[in-house]
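Letters go in sequence order (proteins before strands), and every chain restarts at 1.
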There are 2 protein chains.
Amino acid sequence: MTKARRSLLHVLEQASEPLSVSALLQHPDVSCNQATVYRSLHYLEQRGYLDSFVLHCTDHGTERYYSCTKEQAEHSHWFHCTACHRFIDLGACLMKEDLKRWEQQYGFTVSDHTFFLTGVCATCKESTSSTD
Amino acid sequence: MTKARRSLLHVLEQASEPLSVSALLQHPDVSCNQATVYRSLHYLEQRGYLDSFVLHCTDHGTERYYSCTKEQAEHSHWFHCTACHRFIDLGACLMKEDLKRWEQQYGFTVSDHTFFLTGVCATCKESTSSTD
DNA sequence: GCTAATTTTGCAAGTCATTCGCATTCCTGC
DNA sequence: GCAGGAATGCGAATGACTTGCAAAATTAGC
């Protein structure tokens with residue numbers, strides 16, 4: 001594990017939400033080149049240390065977001081607030097059964113699934129209604 | 001409804017699966033400029049005629065895929081085969097209840113959700129196992 | 001510890017989807 | 001037929017991401 005990879009993994013372990021490459025590049029503990037960030041993230045994801053998904057948001061455009069996989073290779077799904085751009089963890093994925101059902105029904109094998117919500121979080125709803 | 005928008009809507013109505021901008025540009029019935037395609041798709045999506053999602057696939061990169069919304073504003077979810085790149089319709093979205101539950105639990109308001117599966121379809125699994 | 005081989009990194013240029021500015025064309029109402 | 005606003009085409013720009021290549025770092029062998 002090289003210095004660049006270790007620093008990225010560490011930052012993502014400490015993070016409470018998925019981070020984009022641009023967020024990682026701005027982080028003080030990440031001091032490597034952007035090409036290295038991309039390469040390291042690929043490396044770490046392939047090794048099962050990280051999870052990622054592509055999210056499009058009007059303000060930030062289309063970006064890939066990375067988060068650490070928890071111990072048991074469990075992954076979370078997320079709600080993304082389009083106002084404050086924070087993520088809310090919806091908890092571990094509960095789709096195992098549904099995926100199995102679909103696999104049986106259609107005969108395909110699911111290697112990956114993407115699921116997330118977007119909208120406005122409770123805090124932003126309040127501040128919008130009071131300041132507008 | 002202009003000629004460009006009508007042709008795009010028509011092609012997507014006839015399509016059995018979501019189409020990317022590059023697929024639409026290659027379609028014989030779509031004869032307008034790519035900037036017009038992007039602008040028209042935005043227009044049609046905003047008016048509720050279309051649904052879209054961003055999917056990343058190793059072979060085709062990251063692209064936005066568009067499909068027509070059915071009559072009752074029902075939308076489908078899809079399985080994407082990473083071998084033949086076809087989509088399989090998983091049927092109408094059944095997540096209304098789940099979304100409501102999450103909204104109550106976390107206090108946010110969901111304006112959109114993204115869900116799709118990727119993997120290898122039955123046909124591609126067969127042809128792979130027999131020709132490898 | 002020292003050198004050769006392998007891997008990783010930085011830099012700069014390239015790719016690809018998507019967007020934007022602007023001039024031209026189309027459409028609608030008069 | 002004509003004026004005015006909307007839509008389109010064209011080409012350049014943007015931004016996320018990738019790649020080639022040489023330098024730096026890590027590893028292996030002695």
- Item | Point-to-point distance, once rounded to the nearest 0.5 Å, from CG of B:D112 to OG1 of A:T118 | 4.5 Å
- Note on the structure: Atom CG of B:D59 and atom C1' of C:dT15 are separated, to the nearest Å, by 16 Å
- Counting only side-chain N and O atoms of A:Y38, is one of them less than 4.0 Å from OP1 or OP2 of D:dT18? no
- Query: Tell me, which pairs form a salt bridge (Lys or Arg N to Asp or Glu O under 4.0 Å) where one or both residues lie in residues 34-50 of chain A, sequence neighbours left out?
  - Reply: none
- Task: Give the rounded distance in Å between these two atoms: CZ of B:R6 and P of D:dA7.
- Result: 13 Å
- Can you sort out which residues in residues 12-23 of chain B have a heavy atom within less than 4.0 Å of DNA chain D? Ascending by number, please. none
- Message: Below the 4.0 Å mark, does D:dT18 have OP1 or OP2 next to a side-chain nitrogen or oxygen of A:H42?
- Response: yes
Name the atoms and distances for all side-chain donor-acceptor pairs under 3.5 Å in residues 8-15 of chain B, with sequence neighbours left out.
none

- Task: Under the side chain to side chain donor-acceptor pair (under 3.5 Å) rule, collect the residues that match up with B:N33, sequence neighbours excluded.
- Result: none
- Query: When you check every protein heavy atom under 4.0 Å of nucleotides 4-14 of chain C, what one-letter string (B, S, -) results, 5' to 3'?
  - Reply: ----SBBB---
- Message: Can a side-chain donor-acceptor contact be found between B:S76 and B:D89 if the only test is distance below 3.5 angstrom?
- Response: yes
- Task: Describe the nucleic acid contact of B:H56 in one word from base, sugar-phosphate, nothing, applying a heavy-atom distance below 4.0 Å.
- Result: nothing
- Is there a donor-acceptor contact under 3.5 Å linking the side chains of A:H60 and A:H80? no
Can you list, pair by pair, the side-chain donor-acceptor contacts under 3.5 Å of residues 90-105 of chain A, counting residues two or more places apart and other chains?
| from | atom 1 | to | atom 2 | distance (Å) |
| --- | --- | --- | --- | --- |
| A:D98 | OD1 | A:R101 | NH2 | 3.3 |
| A:E103 | OE2 | A:V110 | N | 2.6 |

- Message: Side chains of A:V37 and A:C32, heavy atoms from C-beta outward: is any pair under 4.5 Å?
- Response: yes
- Take atom OH of B:Y65 and atom C1' of C:dA17, then tell me their distance rounded to the nearest Å. 11 Å
